[in-house]
Amino acid sequence: MVKFLGSIFIILISFSDSFAQRTTERGGLIYTLGVDTTMVGNFLLRGQEFELEILVIGNSTVYKQNGSLFSNGELKSVTGISYKHFFGEKPQDESTFKMYVKNDSTFTEIHQGDKKEMYIHKGQGVVNNMIGSTTFFLFPFWPAFSPPTGDSLISQHLWWEKKPKTYTITRKDKSQMRVGSTLMGYLTLHLNENGKLQSIDGVGSSLNLIGSVVPFLNMDSVFHANALKVKMYGNIGPINQADSLNIVINTTRFKLNYKRPAVRGRKIFGNVVPYNKVWRTGASLATTLQIDKPVYFGDQELPPGTYSMFTLPNEDGWTLMFNREVGIWGTDYNADHDILRLPMTIYHLEESVERMTIEIKPYNKGGVLQIIWENLMASVYFDG
């Protein structure tokens, strides 16, 4: 259930009911990641009923959805379809899905061919990752259901794990809202003078996207243009490239797994990767390092095991954290599980490195771990 903080519950419910009932929102939404357009779509909200039509540019996936919201803005029901759209071809990899709330639980069903998946979550939520890109396109609806300035709406972010994440929607002032969870990270929604969504700033979040509201789009033309572009040049491909490293230094084996984001025309450090804020040091899932023997950083020991790696960048130097929690999403950092925190020295590079790289290599009698991206390299030395 949603909890409201800072105001009388009855007042908020009345505000939400009356405002949502008379609200009609209609428009297009374009998301960019650096120089690339990554998603394009239309949204429509009439009272508590909504429709979405979305194209994910990178893999040419189309999502079409319609659904309804509770009076507080949580998802009540959604039905939809997704498929790959290519030039002159029938839809491929078609799947259907539906989500509904029953007896204070949320049920999500996904059908693809003969395969059927069912997810059940206790309670309700405002975001459901299992039903495609709804996460990104519900943002235009939330100003209509938001609490008054200074208050927060606390709900759930539903995903593939049984335990949802806490999702918070806060009205900071007349022109800004802050939304997000530890899974998604936190984004700022900018509103126009009429209180409607104008733009989305997701830089520094798990999404790292910029969104702009535009007039309602002709999606048939968008589909056709994208399909023609893919036929001529191919898809954009994975935004974040998976990579691994397996190396023996002295007698210690190091196994590293991580995702490598690209600069893509953006300002990285101090912007995409904010200073003085924990960074997943990669993309998607947290970067992991496995060692089979103790490794010493000066007089500090990192015992054998598998660890998630996080960093805290700032302009003068970085901090490297090895964390006991593994297999977690990269924004789901909990400092209580840190086993070791180390200072890193930064160096400025003459040439920009497009795709983030982590290197572990021999140095003197031990080795060095280096994180390299854009015009920076952060290093820490160790003895095997």
Side-chain angles (χ1 to χ4, degrees), residues 159-161 163 165 181-185 204-206 208 240-261 268-269 272-314 317-347 355-373 376-384:
W159 63 311
W160 291 271
E161 299 293 331
K163 186 176 181 180
K165 300 294 184 181
S181 67
T182 56
L183 184 64
M184 179 190 293
S205 72
S206 180
N208 258 329
N240 301 311
Q241 185 182 87
D243 206 347
S244 62
L245 178 66
N246 190 336
I247 186 173
V248 175
I249 298 177
N250 295 331
T251 59
T252 303
R253 182 172 295 278
F254 297 78
K255 293 182 178 180
L256 180 78
N257 287 283
Y258 70 116
K259 289 284 188 74
R260 302 174 61 194
I268 300 300
F269 295 109
V272 171
V273 178
Y275 288 126
N276 302 312
K277 184 176 180 180
V278 173
W279 177 39
R280 71 180 74 198
T281 318
S284 302
L285 292 171
T287 294
T288 59
L289 176 68
Q290 180 182 359
I291 54 176
D292 61 356
K293 293 182 180 178
V295 173
Y296 296 89
F297 298 85
D299 59 356
Q300 298 191 71
E301 177 187 342
L302 182 66
T306 303
Y307 306 97
S308 293
M309 278 176 44
F310 297 91
T311 51
L312 181 66
N314 63 57
W318 291 17
T319 301
L320 172 65
M321 293 88 82
F322 291 102
N323 191 283
R324 293 185 183 90
E325 284 194 300
V326 295
I328 59 175
W329 195 246
T331 53
D332 205 10
Y333 168 75
N334 185 341
D336 292 340
H337 297 285
D338 282 351
I339 188 171
L340 196 61
R341 295 172 69 96
L342 302 162
M344 301 187 78
T345 303
I346 58 172
Y347 303 89
R355 196 167 286 278
M356 179 214 162
T357 303
I358 301 179
E359 295 181 345
I360 301 174
K361 56 188 180 182
Y363 183 84
N364 289 338
K365 296 181 180 181
V368 60
L369 186 154
Q370 298 174 329
I371 300 166
I372 308 165
W373 199 19
L376 286 179
M377 177 173 68
S379 299
V380 62
Y381 297 92
F382 60 84
D383 295 317

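Small disclaimer: the values here were computed from a predicted structure and weren't measured.
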Check step by step if side chain to side chain contact (heavy atoms under 4.5 Å, CB included) holds for Phe254 and Leu369.
CA-CA 11 Å; Phe254 297 78; Leu369 186 154; over 6 Å; no
Partner of Ile371 under side chain to side chain contact (heavy atoms under 4.5 Å, CB included), chosen from Met377, Glu359, Met356:
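Of all the options given, the one that passes is Met356.
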Has Tyr258 got a side-chain atom pairing as donor or acceptor with Ile358's backbone, closer than 3.5 angstrom?
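Such a contact is found between Tyr258 side chain and Ile358 backbone.
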Main-chain N/O of Lys365 paired to Asn250 side chain as donor or acceptor, under 3.5 Å:
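Yes; at least one donor-acceptor contact below 3.5 Å.
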Point-to-point distance, once rounded to the nearest 0.5 Å, from [atom1] of [X] to [atom2] of [Y]:
{"X": "Trp318", "Y": "Leu376", "atom1": "CH2", "atom2": "CG", "answer": "6.5 Å"}
{"X": "Thr319", "Y": "Asn314", "atom1": "OG1", "atom2": "CG", "answer": "6.5 Å"}
{"X": "Asp383", "Y": "Ile249", "atom1": "CG", "atom2": "CD1", "answer": "11.0 Å"}

Mind checking what makes side-chain contact (heavy atoms from CB on, under 4.5 Å) contact with Tyr381, not counting sequence neighbours?
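If we apply the side-chain contact (heavy atoms from CB on, under 4.5 Å) test to Tyr381, skipping adjacent residues, the hits are Tyr347, Tyr363, Val368.
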For Pro343, all residues meeting side-chain contact (heavy atoms from CB on, under 4.5 Å), sequence neighbours excluded:
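side-chain contact (heavy atoms from CB on, under 4.5 Å) check on Pro343 returns nothing, list empty.
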Taking all atoms of both residues into account, what is the closest heavy-atom pair of Phe310 and Arg280, and its distance?
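Heavy atoms of Phe310 and Arg280 come nearest at CD2-CA, 3.9 Å.
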How close do Phe297 and Leu340 get, heavy atom to heavy atom, and via which atoms?
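Smallest interatomic distance, heavy atoms only, reads CD1-CD2, 4.0 Å.
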For Thr281 and Thr311, does a side-chain donor sit closer than 3.5 Å to a side-chain acceptor?
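Thr311 and Thr281 do have a side-chain donor-acceptor pair below 3.5 Å.
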Is there side-chain contact between Arg355 and Asp243, with heavy atoms separated by less than 4.5 Å?
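A side-chain contact is absent here, since even the closest heavy-atom pair is not under 4.5 Å.
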Should Pro313 and Ile346 count as side-chain neighbours, where that means a heavy-atom distance under 4.5 Å?
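SC-SC contact between Pro313 and Ile346 ruled out.
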For residues 321-331, please give each side-chain donor-acceptor pair under 3.5 Å, one per line with the distance, not counting sequence neighbours.
unit_1: Asn323; atom_1: OD1; unit_2: Glu325; atom_2: N; d: 2.9
unit_1: Asn323; atom_1: ND2; unit_2: Asn334; atom_2: O; d: 2.9
unit_1: Asn323; atom_1: ND2; unit_2: Asp338; atom_2: OD1; d: 2.9
unit_1: Trp329; atom_1: NE1; unit_2: Leu183; atom_2: O; d: 2.7
unit_1: Trp329; atom_1: NE1; unit_2: Ser206; atom_2: OG; d: 3.0
unit_1: Thr331; atom_1: OG1; unit_2: Thr182; atom_2: O; d: 2.1
unit_1: Thr331; atom_1: OG1; unit_2: Leu183; atom_2: O; d: 3.0

